[in-house]
A.B. asks: 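I have a structure I would like to understand better, so I am pasting it below and will then ask my questions one at a time.
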Amino acid sequence: MNGFYRMFPQSGVNGAPGVAGELPASPGRRDWLKTAGALTGLVLTVGASGIVRAAEGDKAEKKYGADGMPHGTVDDPQVFVSIGADGIVTIIAHRAEMGTGVRTGLPMVVADELEADWDRVRVIQAPGDEPRYGNQDTDGSRSTRHFFQPMRRVGAAARAMLEAAAAKQWGVPVAEVAARNHEVVHEKTGRKLGYGELAEAAAALPVPGAEALRLKQPGQFRYIGKQSTRSADIQAIVSGKTHFGIDTRLDDMLYAVVARPAVLGGKVKRYNADAAMKVPGVVKVVELPAGPTPPVFAPLGGVAVIAKDTWAALKGRQALEIEWDDGPNASYDSEAFRKTLSEGARKPAKAVRNDGDAMQALQGAARRIEAEYYLPHLAHASMEPPAATARIAEGKCEVWACVQSPYGTRENVAKHLGMDIAAVTVHQTLLGGAFGRKSKSDFVVEAALLSRAMDGRPVKVTWAREDDITNDYFHTVSVERLEAGFDAQGKAVAWLHRTAAPTIGSTFVANAQGQQPFELGMSAVNIPFDIANFRVESVPVPAHTRIGWFRSVSNIPHVFAVQSFAAEMAHALGRDHRDYLLELIGPPRKISPADMSDGWNYGESPVDYPLDTGRMRHVIEVATREAGWGRKLEPGRGLGLAVSYSFVTYIATVVEVAVGADGSLAVEQVHVAVDCGPQVQPDRVRAQAEGACIMGLSLATRSEISFAKGRTNQTNFHQYEVARMPEAPRDIKVHLVEHDYGTPMGGVGEPAVPPFAPALCNAIFAATGKRIRNLPIRDQLKT
């Protein structure tokens, strides 16, 4: 093989010439693996032991558990690098790009340790293959924190092999040579060899073990932690050459849309396709079987219209005559269910955290306050609705889709087609936003089933915006009820939090009720307030629609309630909110695992990631200082504060608002202090926090999914509202807390969403004296 590691084809869709930032073309899986060097060439595998070892192609170690899933997906990623004779370095990105910058960030870490010239680096996307690449699920704000060190080791191993190859060619000790900016230099004589000149020789050398690797010192980083590194996709984006899920074009392709049941559990009673078949361009109408219970990630069923273009398919769907059986959730009504939630939150329920005796302390308290908060269902409403293309040939299925979980998609498609997973290839495109929706591959299975119905012809399924909003995996609805008790000196002595919300578990287990530990561990059971008697209860309530994870998941309702209530406690005592919040948190300390219930730490080791109240206090101090907390404001203006610990990152947000006499709301300024540990791409961290503020503003002020007769009352953006440009904050300032690279990294994509709504509502109270406990705000300020 003429090159170091693997040689990958650089091509666009249908074999068009590729550029950096584009996704690979659409060869079959066998051809892709051949061109990737699966038959020859060297693979760098970072094992669970931390040892970088060599493996040839398909001989790379594959570990599976009893459930068929690969083991060690956090600590055992298989990262591939190739260097061509022309010196071009190709790095595979194995996580999904949906605006967070991960397709730049992780390859950039490899390039930094490799001492590669970023202008001579190309990034291509891995297909869905967890045994080869490790965990590919892009979720949980964990891509960088889980793969920063493995990517460093891969880059460092490659650099060491290039240096060893140069030393061998020159006949000098390897200690006398060093890789610098895409070349290896002999220090004593000034001789240089480019990476392309060394690639073949380096490939023949053994891969150094972890103990032999020389990772860079942070002061040597060229890209990590810097502001100016070019995005791997920017050229393709600005030139219109990127490939999103909706962009796929294959020869002989057909286009489909699906009429799905509007009510979870509904099914087709009868349908008439005569009028649809008369629409020019319509080729076939296919009934899909009704979805199962629980829904998991299966299609909902319904009637698909397949046509020569998407417009014809849409017009054909409009012409369908369908009578639906709405099934068991036909009576689901948001207002009625809100009462159910509220009633449940006012009764004793199962304790999921119980320190001391909160009930007795409340009974004996000198003073008590209570409040109830409501948050509705929310839709993901990402910029690009779900879209997927499938093609079946010779007993194999190939998929192109905007998915967050390519391997999970591969499993799901294989299951529904009755194929072996090895017969399914998933090509992951760029994602036009996702927020958790595209972790669920129901829309990909639809494309695969319809390709099979068309004898294997490629079929692209496109979800219209109406499909996306009415048939989403919605963020849960919730009622959060809190009570606090104070002693005669005003110290908080009791805390009771009852949380009532349908669980995401209902998507996987029939009739599941009560939030799961991972949901309760999102700012309910792990609140670090210094209160001796602390009780959290989870109220069991059913789900009547599909519930899925959403950007920041259960942190959204929990943080809104907890941080709003903390402000109410401060007001009841006549205290400054910031000072009182710091008092509630208490002195700096690191909370140990024994202090918390299961599921509290986002799947991370509580030893490596203790909940550090000192860091939480610090972000409060930074945000309030930068916002000028305590300064005198004009009438109708106010500052609000909230803090959260989510995805092992600490965020404090201060919002300044101006409320007009007519109830108009303007967000004048936002200050966000972010402590996520060290940052690989500081500019992307800032961008994620800024975007989270915009999204948080939308969720707080406008967004709501409600139900009547089992159906959503919202179908498009005229009803499911998002904030418009004039409503955006006039200024957002993000303040990053600096750490050395010995500090574990936290998440970035999600943590800044939860504190925005309570900070906003606390600011509104400071400006007007009006307390907002129910979201969205909409016209509440005008009444």
Side-chain angles (χ1 to χ4, degrees), residues 3-8 20 42-44 46 52 54 79-93 103-124 144 147-170 172-232 678 680-681 741:
F4 176 46
Y5 301 144
R6 300 175 173 270
M7 294 295 293
F8 291 93
L42 188 65
V43 180
L44 284 187
V46 182
V52 181
V79 183
F80 303 114
V81 179
S82 71
I83 302 177
D86 59 359
I88 296 297
V89 174
T90 300
I91 303 174
I92 290 184
R103 253 174 61 88
T104 296
L106 291 180
M108 187 184 76
V109 172
V110 176
D112 202 327
E113 286 286 356
L114 180 56
E115 266 297 304
D117 179 351
W118 187 246
D119 288 334
R120 302 182 70 188
V121 170
R122 284 190 283 194
V123 177
I124 64 173
T144 300
F147 287 97
F148 177 65
Q149 290 297 343
M151 289 291 189
R152 289 188 69 190
R153 291 194 292 268
V154 167
R159 168 169 44 87
M161 295 169 76
L162 289 164
E163 290 172 337
K168 183 176 181 180
Q169 181 169 329
W170 290 324
V172 301
V174 71
E176 293 183 4
V177 307
R180 293 178 185 166
N181 194 29
H182 234 78
E183 295 177 325
V184 178
V185 180
H186 183 221
E187 302 287 358
K188 290 186 176 180
T189 64
R191 286 178 290 181
K192 299 179 181 179
L193 286 170
Y195 281 6
E197 298 173 274
L198 292 167
E200 189 169 2
L205 297 176
V207 180
E211 71 285 350
L213 291 181
R214 293 181 294 105
L215 296 178
K216 286 184 174 182
Q217 294 299 311
Q220 298 173 301
F221 289 156
R222 301 176 60 200
Y223 311 126
I224 296 169
K226 312 302 181 185
Q227 298 286 357
S228 57
T229 305
R230 169 184 52 81
S231 164
V680 171
Q681 299 183 87
Y741 285 86

A.B. asks: How long is the span from the CD atom in Gln681 to the NZ atom in Lys226, to the nearest 0.5 Å?
C.D. replies: 13.5 Å

A.B. asks: Work out which heavy atom in Ala178 is nearest to a heavy atom in Glu187; give both atom names and the distance.
C.D. replies: CB-OE2, 3.5 Å

A.B. asks: What pair of heavy atoms forms the shortest contact from Ala156 to Leu215, and how long is it?
C.D. replies: CB-CD2, 3.6 Å

A.B. asks: If we only count heavy atoms from C-beta on, is the Trp170 to Thr189 side-chain gap below 4.5 Å?
C.D. replies: no

A.B. asks: Got a sec, which residues hit salt bridge (charged side-chain N to carboxylate O under 4.0 Å, His left out) with Arg191, two or more places apart in sequence or on another chain?
C.D. replies: none

A.B. asks: Any non-hydrogen side-chain atom of Ile83 less than 4.5 Å from a side-chain atom of Leu162?
C.D. replies: yes

A.B. asks: Distance-only, no hydrogens or angles: does the Arg120 side chain make a donor-acceptor pair with backbone N or O of Asp86 under 3.5 Å?
C.D. replies: yes

A.B. asks: Does any part of the side chain of Val81, heavy atoms only, come nearer than 4.5 Å to the side chain of Val89, both counted from C-beta?
C.D. replies: yes

A.B. asks: Hey, is the main chain of Ala179 close enough, under 3.5 Å, to the side chain of Glu163 for a donor-acceptor pair?
C.D. replies: yes

A.B. asks: Between atom CZ of Arg103 and atom CD1 of Ile124, what is the distance when rounded to the nearest 0.5 Å?
C.D. replies: 9.0 Å

A.B. asks: Looking at residues at least two apart in the chain, or sitting in another chain, which of them share a salt bridge (charged side-chain N to carboxylate O under 4.0 Å, His left out) with Glu197?
C.D. replies: none

A.B. asks: Indicate the atoms forming the closest heavy-atom contact of Ala93 with Pro107, along with that distance.
C.D. replies: CB-CG, 4.2 Å

A.B. asks: For Lys192, give me all partners under side-chain contact (heavy atoms from CB on, under 4.5 Å), at least two apart in sequence or on another chain.
C.D. replies: Glu183, Val185

A.B. asks: Looking only at heavy atoms, what is the nearest atom pair of Val207 and Ala157, with distance?
C.D. replies: CG1-CB, 4.3 Å

A.B. asks: Check salt bridge (charged side-chain N to carboxylate O under 4.0 Å, His left out) between Arg152 and all other residues, then give those that pass, not counting sequence neighbours.
C.D. replies: Glu113

A.B. asks: Strictly distance-based, threshold 3.5 Å: is any side-chain N or O of Thr90 a donor or acceptor partner for the main-chain N or O of Arg122?
C.D. replies: no

A.B. asks: Among residues at least two apart in sequence or on other chains, which ones pass side-chain contact (heavy atoms from CB on, under 4.5 Å) with Gln169?
C.D. replies: Leu193, Leu198

A.B. asks: I need the minimum non-hydrogen distance between Ala164 and Leu205, along with the two atoms involved.
C.D. replies: CB-CD1, 3.7 Å

A.B. asks: Could you tell me which residues satisfy side-chain contact (heavy atoms from CB on, under 4.5 Å) with Ala160, sequence neighbours excluded, listed by chain and number?
C.D. replies: Pro208

A.B. asks: Please tabulate, one pair per line, all N/O donor-acceptor pairs under 3.5 Å involving side-chain atoms of residues 216-225, not counting sequence neighbours.
C.D. replies:
unit_1: Lys216; atom_1: NZ; unit_2: Asp112; atom_2: O; d: 2.6
unit_1: Lys216; atom_1: NZ; unit_2: Asp112; atom_2: OD1; d: 2.8
unit_1: Lys216; atom_1: NZ; unit_2: Glu115; atom_2: OE2; d: 2.6
unit_1: Gln220; atom_1: OE1; unit_2: Gln217; atom_2: N; d: 2.8
unit_1: Arg222; atom_1: NH1; unit_2: Ala116; atom_2: O; d: 3.3
unit_1: Arg222; atom_1: NH1; unit_2: Asn181; atom_2: OD1; d: 3.3
unit_1: Arg222; atom_1: NH2; unit_2: Asn181; atom_2: OD1; d: 2.8
unit_1: Tyr223; atom_1: OH; unit_2: Ala116; atom_2: O; d: 2.5
unit_1: Tyr223; atom_1: OH; unit_2: Trp118; atom_2: N; d: 2.9

A.B. asks: Between CD of Gln149 and OG1 of Thr144, what distance do you get to the nearest 0.5 Å?
C.D. replies: 12.0 Å

A.B. asks: Please report the closest heavy-atom contact between Ala232 and Thr104, naming both atoms and the distance.
C.D. replies: N-OG1, 2.8 Å

